[in-house]
Amino acid sequence: MVMVGTDRVEVERSLVSGELSCPSCQGVLAPWGHARSRSSRGLDGTVRHRPRRGRCTGCRGTHVLLAQVWLWRRADAVSVIGTALEAKAAGVGHRSIATGLGRPVSTVRGWLRRFAARAEQVRSEFTRLLVALDP
């Protein structure tokens, strides 16, 4: 799985021009069809999308190019989960968040617990990015 931008034209241009690299061996990814169609839930309802697939010219492995608005192995878009995290930070409980988003309580509770368990890892990664962007 390779996370890419949200502009399909730009992703295709990057793939065709050899700008995307293989996460396994750092080789060059070349076009290799499309992955299966998926249904994902956004803030405005269900969205069907069919991600592009690339094949490494080095190790010959194939990788799905997933847009940054979707998360790997998640049915909901980044914006939905981010909205839940923002509400939790504002002091809203997981049941109210679930009701507001129209998602199961157990799903929202799982997002919040997972984020809480990884908060230090996320904080350190953002600190690293901050230093890299503005030393």
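Applying the ring pair (Phe, Tyr, Trp, His ring centres under 6.0 Å) rule to pairs touching residues 43-71 yields His49-Trp70, sequence neighbours excluded. Screening residues 28-39 for side-chain hydrogen bond (donor to acceptor under 3.5 Å, both in side chains) gives Ser39-Arg48 as the qualifying pairs, with residues at least two apart or on separate chains. Residue pairs meeting the side-chain hydrogen bond (donor to acceptor under 3.5 Å, both in side chains) criterion with at least one member in residues 123-135, sequence neighbours excluded, are Glu120-Arg123, Arg123-Thr127, Glu125-Arg128.
With rounding to the nearest 0.5 Å, the separation of CE in Met3 from CG in Leu66 is 4.5 Å. The line from CG of Leu15 to CZ of Arg52 is 5.5 Å long, rounded to the nearest 0.5 Å. To the nearest 0.5 Å, atoms OG (Ser21) and CG (Leu29) are separated by 6.5 Å. To the nearest 0.5 angstrom, Met1 atom CE is 9.5 Å from Arg73 atom CZ. A distance of 10.0 Å separates CZ of Arg113 from NZ of Lys88, quoted to the nearest 0.5 Å. Between Asp44 atom CG and Ser79 atom OG the span is 8.0 Å, to the nearest 0.5 Å.
Think of Phe115 as one node in a network of Ile, Leu, Val, Met, Phe, Trp and Tyr side chains linked at under 4.5 Å; its network also takes in Leu43, Leu71, Val78, Val80, Ile81, Leu85, Val92, Ile97, Leu101, Val108, Trp111, Leu112, Val122, Phe126, Leu129. With side-chain heavy atoms closer than 4.5 Å counting as contact, directly or through intermediates, Val131 stands alone and belongs to no larger hydrophobic cluster.
For Arg53, the side chain to side chain donor-acceptor pair (under 3.5 Å) partners at least two apart in sequence or on another chain are Thr62.
Nearest heavy-atom pair, Cys56 versus Gly27, reported as atom, atom and distance to 0.1 Å: SG-CA, 3.9 Å. Nearest heavy-atom pair, Gly42 versus Ala77, reported as atom, atom and distance to 0.1 Å: CA-CB, 4.1 Å. When all heavy atoms of Thr6 and Gln68 are compared, the pair lying nearest together is CG2-N, 4.3 Å.
No path of Ile, Leu, Val, Met, Phe, Trp and Tyr side chains, each step under 4.5 Å between heavy atoms, connects Val16 with Val11, placing them in separate hydrophobic clusters.
Applying the 6.0 Å contact sphere to CZ of Arg13 captures more than 12 heavy atoms from other residues, nucleotides or ligands.
Between the side chain of Arg50 and the backbone N or O of Ala35, at least one donor-acceptor pair lies under 3.5 Å.
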